[in-house]
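The chains referred to below are lettered A, B, ... by the order of the sequence lines, with proteins before strands, and numbering in each begins at 1. Predicted model, so just to flag it, every value in this text is computed and none were measured.
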Amino acid sequence: EAGVVQSPRYKIIEKKQPVAFWCNPISGHNTLYWYRQNLGQGPELLIRYENEEAVDDSQLPKDRFSAERLKGVDSTLKIQPAELGDSAVYLCASSTPRSGAGELFFGEGSRLTVL
Amino acid sequence: GENVEQHPSTLSVQEGDSAVIKCTYSDSASNYFPWYKQELGKRPQLIIDIRSNVGEKKDQRIAVTLNKTAKHFSLHITETQPEDSAVYFCAANSGAGSYQLTFGKGTKLSVIP
């Protein structure tokens, strides 16, 4: 079965420019997550979707970050405008509905460099 | 919210020796504790997890122990091999049944041949 697919794998932009990341979760996984991983750190949750509904976005910097998951499948994460501190790897993950928490399946990530 | 502390940040062991990584968590309601392995430039992948209704779980050379009273859990890797070299992350969910995971900062394990 195909894993979580993300694109682009790498993106270099200048500050104040916009950027968007795309994620296609594993088929049948209705829970989708966006995490940010700074260099030398663990992943930090930005937003979680149950189908098309954002059920946890408390850590998403809403002044410049936005996300959507149309039709409850693919998702995009956008940053506008990007700042130097946004340089990080943006990881998408998905999971199946289970009683309580369960395994997250991560994509390869999108590495963002803001110059 | 949940706070997860992980130690050590780096660990070097000789091939064949054991490696132990320790984590503590703050939310007594947490009930799910996974461990992820991330090789350089790759995605994090689950290697083992434990729920609060058990104290220990083993899978071949990997084991995890959980002490709910002390709020800490540990990863044990025996007979280490060079391919075990990676960054390991512990995590805990934010409250019973929560889907939100808080990750530790990671431990870079180097297995020296």
Side-chain angles (χ1 to χ4, degrees), chain A residues 1-7 9-10 21 23-26 29-51 53-60 88-111 113, chain B residues 1-10 21 23-25 27 29-54 57 59 64 73 75 86-109:
Chain A
E1 118 186 316
V4 176
V5 179
Q6 291 187 245
S7 68
R9 288 293 314 277
Y10 305 93
F21 306 113
C23 173
N24 180 241
I26 293 173
H29 284 198
N30 63 343
T31 306
L32 183 146
Y33 312 75
W34 282 102
Y35 280 86
R36 176 169 58 189
Q37 186 174 24
N38 292 311
L39 187 64
Q41 303 292 316
E44 296 176 322
L45 180 68
L46 291 174
I47 190 168
R48 174 170 69 92
Y49 282 93
E50 292 292 341
N51 298 305
E53 182 182 0
V55 296
D56 186 353
D57 63 354
S58 58
Q59 303 301 313
L60 189 72
V89 176
Y90 291 85
L91 291 164
C92 179
S94 67
S95 65
T96 57
R98 294 177 58 171
S99 56
E103 180 177 2
L104 299 183
F105 295 84
F106 284 93
E108 296 281 8
S110 294
R111 182 178 295 276
T113 301
Chain B
E2 176 68 278
N3 183 47
V4 177
E5 299 285 339
Q6 183 172 348
H7 299 280
S9 57
T10 60
I21 303 170
C23 289
T24 60
Y25 61 98
D27 189 345
S30 296
N31 65 348
Y32 177 65
F33 308 92
W35 286 88
Y36 282 80
K37 175 183 180 182
Q38 187 175 30
E39 297 177 6
L40 188 63
K42 301 292 185 181
R43 71 187 78 195
Q45 291 188 297
L46 181 73
I47 55 171
I48 195 167
D49 57 11
I50 191 168
R51 298 184 188 273
S52 60
N53 57 344
V54 297
K57 185 177 179 180
D59 183 3
V64 57
F73 56 113
L75 178 71
V87 178
Y88 292 82
F89 294 97
C90 63
N93 67 338
S94 300
S98 170
Y99 283 76
Q100 180 172 343
L101 291 180
T102 299
F103 285 83
K105 293 186 176 182
T107 297
K108 183 177 181 181
L109 174 63

Sequence-distant partners of A/S110, side chain to side chain donor-acceptor pair (under 3.5 Å), two or more places apart: none
Contact leader toward chain B among A/D56, A/L104, A/L45, where contacts are heavy-atom pairs under 4.5 Å: A/L104
Separation of A/Y35 OH from B/F103 CZ (nearest 0.5 Å): 5.0 Å
Nearest non-hydrogen partners of B/R43 and A/V4, listed with the distance: NH1-O, 3.8 Å
Heavy-atom proximity to chain B below 4.5 Å, by part of A/R9: side chain
Set of side chain to side chain donor-acceptor pair (under 3.5 Å) partners for B/E5, sequence neighbours left out: B/N3
Interchain contact, B/Q38 with chain A, by part (heavy-atom threshold 4.5 Å): side chain
Value rounded to 0.5 Å, distance of CD in A/E103 from OH in B/Y36: 5.5 Å
Best-contacting candidate, A/P43, A/G40, A/G42, A/G109, against chain B by heavy atom pairs under 4.5 angstrom: A/P43
Segment of A/Q6 engaging chain B (4.5 angstrom heavy-atom cut-off): neither
Spacing of OG belonging to A/S95 relative to CG belonging to B/L46, to within rounding of 0.5 Å: 11.5 Å
Chain A contact via B/P34 - which portion, at a heavy-atom distance below 4.5 Å: neither
